Amino acid sequence: MTKSKALVLKSLFAAGLSLIVISFTGCEILFDLLEESSESSNYSTVRATETANWDYSSSMPAEYVSPEVKTLVISNVPEGKNLYVVPVNMGDTVVKARDVRGVVVDSGINRAAMDLNPVEIPAIPEEGFVRKHFKADPLPEFTPSAARSAAVTEPVYSTEAGSKIWKKGDQKDIFVDVNSGMNSYEKKPATLRAVGTNCYVWIVNDYYSKVSDGTKVNEEVAQKFADSFDAIYPYITHVFGDESNEIINYNTQRFEDMTSVSDTGTMVNIVIYDIGVSDNGILGYFYSKDYTYGPGRLDIVSKSNAGKYFYIDSKYANTNFDLTISTLAHEFQHMINWNQKNMKKAGSPSTWYNEMLSMLCEDMMQSYLGLSDKNSPKSRTQGFNGTYWMSGTFEYLEKNSAISYGNAFTFGSWLARQYGGAAFVKEMSVNKYVDEESVLNAVKEFSSKSYSMPELYKQYLLAITGTSAADAASYTHNKNAAQTLSYETYKYPMTAYNIWHPDYSPALMKVSNTQTFEEYFADRVYSEYDFKGPLILDYNRYSMDLRPGFGFQIHGIKKTSAGQMVLDFTEYGADCVNLCIIIQ
């Protein structure tokens, strides 16, 4: 769920350390969540005794059932629609399968009497799997609001350093990681190989070659990065705002002018090398330690490069340049977000929210960069369809972050297509809120309606369960976003895509080297859907823990008959889980 809003960089660290990774397409999936699950419970179990009524309406064909409701009477039910029961965990802890309520189905099978041990997911060899996230030392405590106030009245500027004009061929030492765990940093010599209007492109000397090959890149690649970044710079800042030109002095606890501290001034530094010195799947990252400095310190601040830096993997620069260009947009949003939320507004955005904004940046720049869907965040849709139930929407899994990436993008891309496109994304980026508050206030700005998150989330659930044009009339990913914001002639198109298209089928994924996703789930999936779209679970055969942060599971029940319908639910369940009943 939403992280603490404590205004210290110990918590801000999570928002400042960001990276992008390869999508699920063509990759095996690692289902190892043992370390992500919590045995402790922050919820209570309640007994349902009440009866509720719902007058079905095609304009809002979904209704929540609270934990206290035992029976739901539905009027005006249409003929031949799909009936889903979707438990949604609105709490901040994992809810065990035994405490997830459901419907008592017509066959007389009472789920309360079933064996509710969660399905065990087979472990998968890590070879070939994409590493998602690395942990590094947190930044020391720092109070942005106090520093901001003091900096206004009493600026303190360093005289130890100062920006200079760098030329191609110049060399400097840059801190980069030196182990596969990405938790150790050393200075390595790097040479400036390209100079742009807004950026310097450095290649760590060990990874330079006149001919690009393997993990080594040449000057031509560096120039392509410089040209690409200069091209996208004004388009991205027009939407998301500017990156900061200030840096945090930990010795004085003040913000200072970057031109007085950083030897590269306000230029953005793109550093190319073999990230993690192994094939760990990380395309690039931004780490907020570089927005800090403090001579004489012995903590992580001592490893800062003191300036605007992000990092690109040299191997992927060679093997999939288009994807790394998308990474430039993704990581630049993280740098901007650090300024917009952390430094200017002293907020502490959660990782899911920050990653959502970065993927939306890629989404809106896809057309400008001429990228295919497979090199855009849309490629995460297949992973979402197969594994959405393994992460909450407002949750970030450290070990299996690709799952959380897919959930965050699918939610954010729907928001943008539903509520105003790039202009809506701009509002989220620059408003004074973070996380769910930022989303809800942006929605209010574009709809004039003050939705609660459960109300907004109900619309989202309709979007991902809608399989037909009629279903998609109101809520869907399958429509172009509004184009009311533009820079020059570019209107930031965020194009329609159908999450039920066969290309996004989870049947194309693998559970193990010997078993396909479809084979593993064949007897647990609601047969009406044949592995298209989000996994529709067979209610009578499948149960699992429910993830926090609006984690959900879509259970298919049956086709509806016209008239009145009465649904009885199991008697006991977690107080933080609401059942969303969907008929469409």
Side-chain angles (χ1 to χ4, degrees), residues 3-19 135-163 172-177 185 187 200 237 240-269 271 285-311 331-351 354 429-430 432 434:
K3 293 182 179 178
S4 169
K5 303 300 187 293
L7 303 183
V8 294
L9 286 185
K10 183 178 290 183
S11 60
L12 295 183
F13 164 78
L17 174 60
S18 309
L19 49 89
K135 293 183 179 180
D137 294 335
L139 297 176
E141 291 189 6
F142 181 86
T143 308
S145 56
R148 177 67 58 204
S149 176
V152 171
T153 58
E154 186 186 349
V156 180
Y157 296 126
S158 168
T159 58
E160 296 182 10
S163 57
K172 66 174 294 194
D173 291 338
I174 297 176
F175 279 109
V176 295
D177 61 272
Y185 297 86
K187 279 189 172 181
Y200 293 134
T237 55
F240 292 92
D242 297 320
E243 78 277 18
S244 179
N245 287 329
E246 293 182 305
I247 196 167
I248 301 166
N249 184 336
Y250 265 90
N251 291 349
T252 62
Q253 294 287 295
R254 299 288 189 269
F255 289 104
E256 298 189 14
D257 186 336
M258 189 171 285
T259 59
S260 299
V261 175
S262 174
D263 61 359
T264 56
T266 59
M267 295 285 275
V268 173
N269 297 277
V271 183
Y285 68 93
F286 162 76
Y287 185 8
S288 61
K289 72 174 177 60
D290 294 320
Y291 261 92
T292 73
Y293 89 110
R297 298 184 69 91
L298 299 177
D299 53 21
I300 189 62
V301 174
S302 69
K303 307 299 183 183
S304 169
N305 287 309
K308 303 177 184 179
Y309 284 80
F310 55 76
Y311 307 86
E331 298 308 324
F332 189 38
Q333 189 288 137
H334 285 315
M335 184 179 288
I336 292 171
N337 187 269
W338 175 254
N339 180 40
Q340 295 297 323
K341 301 300 185 181
N342 299 74
M343 294 186 73
K344 289 173 65 173
K345 300 179 177 70
S348 181
S350 294
T351 304
N354 203 339
S429 181
V430 302
K432 65 181 180 180
V434 298

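Keep in mind that this is a model prediction, so the values were computed, not measured.
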- May I have the step-by-step check of side chain to side chain contact (heavy atoms under 4.5 Å, CB included) for E246 and D257, ending in yes or no? CA-CA 5 Å; E246 293 182 305; D257 186 336; 6.0 Å; no

- Query: Do Y309 and T264 pass the side chain to side chain contact (heavy atoms under 4.5 Å, CB included) test, and can you show the C-alpha distance, the side-chain angles, and the key distance before you say yes or no?
  - Reply: CA-CA 10 Å; Y309 284 80; T264 56; 4.1 Å; yes

- Trace of the salt bridge (Lys or Arg N to Asp or Glu O under 4.0 Å) decision for K308 with D290: CA-CA 7 Å; K308 303 177 184 179; D290 294 320; over 6 Å; no

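Separation of atoms CD1 (I336) and CE (M343) is listed at 14.0 Å; rounding is to 0.5 Å. Between atom OG of residue S260 and atom CD1 of residue I247 there is a gap of 10.5 Å, rounded to the nearest 0.5 Å. Taken to the nearest 0.5 Å, the NZ atom of K172 stands 3.5 Å off from the CG atom of D263. If you take CZ on F255 and OH on Y291, they are separated by 11.5 Å, rounding to the nearest 0.5 Å. Distance check: F310 CZ to E331 CD gives 7.0 Å after rounding to the nearest 0.5 Å. Between the OH atom of Y200 and the CE atom of M267 there is a distance of 4.5 Å, given to the nearest 0.5 Å.
In this structure, Y311 has its ring center under 6.0 Å from that of Y285.
Looking only at side-chain heavy atoms (C-beta outward), F332 and E243 come within less than 4.5 Å of each other. With contacts defined as side-chain heavy-atom distances shorter than 4.5 Å, the pair N354/Q333 qualifies. In this structure, the side chains of K432 and K341 stay at 4.5 Å or more apart for every pair of heavy atoms. Residues S348 and V434 form no side-chain contact, since every pair of their non-hydrogen atoms from C-beta on lies 4.5 Å or further apart.
Of the possible donor and acceptor atoms, none in the side chain of T266 sits under 3.5 Å from a partner among the backbone N and O of N245. At least one donor-acceptor pair closer than 3.5 Å links the side chain of S304 to the backbone N or O of T292. Distance alone, capped at 3.5 Å, places no donor-acceptor pair between the K344 side chain and the N339 backbone. Without hydrogens or angle criteria, R297 side chain to P295 main chain gives no donor-acceptor distance under 3.5 Å. Between the side chain of Y250 and the backbone N or O of P140 there is at least one donor-acceptor pair closer than 3.5 Å.
For the pairing with K303, the side chain to side chain contact (heavy atoms under 4.5 Å, CB included) check across I300, N305, V301, D299 returns one residue only, I300.
Scored by the side chain to side chain contact (heavy atoms under 4.5 Å, CB included) test, D242 finds T237 as partners (sequence neighbours excluded).
A cation-pi arrangement is present between K289 and Y185 under the rule of less than 6.0 angstrom and at most 45 degrees off the ring axis.
Heavy atoms only, all atoms of each residue included: A306 and S262 are closest at O-OG, 2.7 Å. Counting all heavy atoms, side chain and backbone alike, N337 lies closest to P349 at OD1-CG, 3.6 Å.
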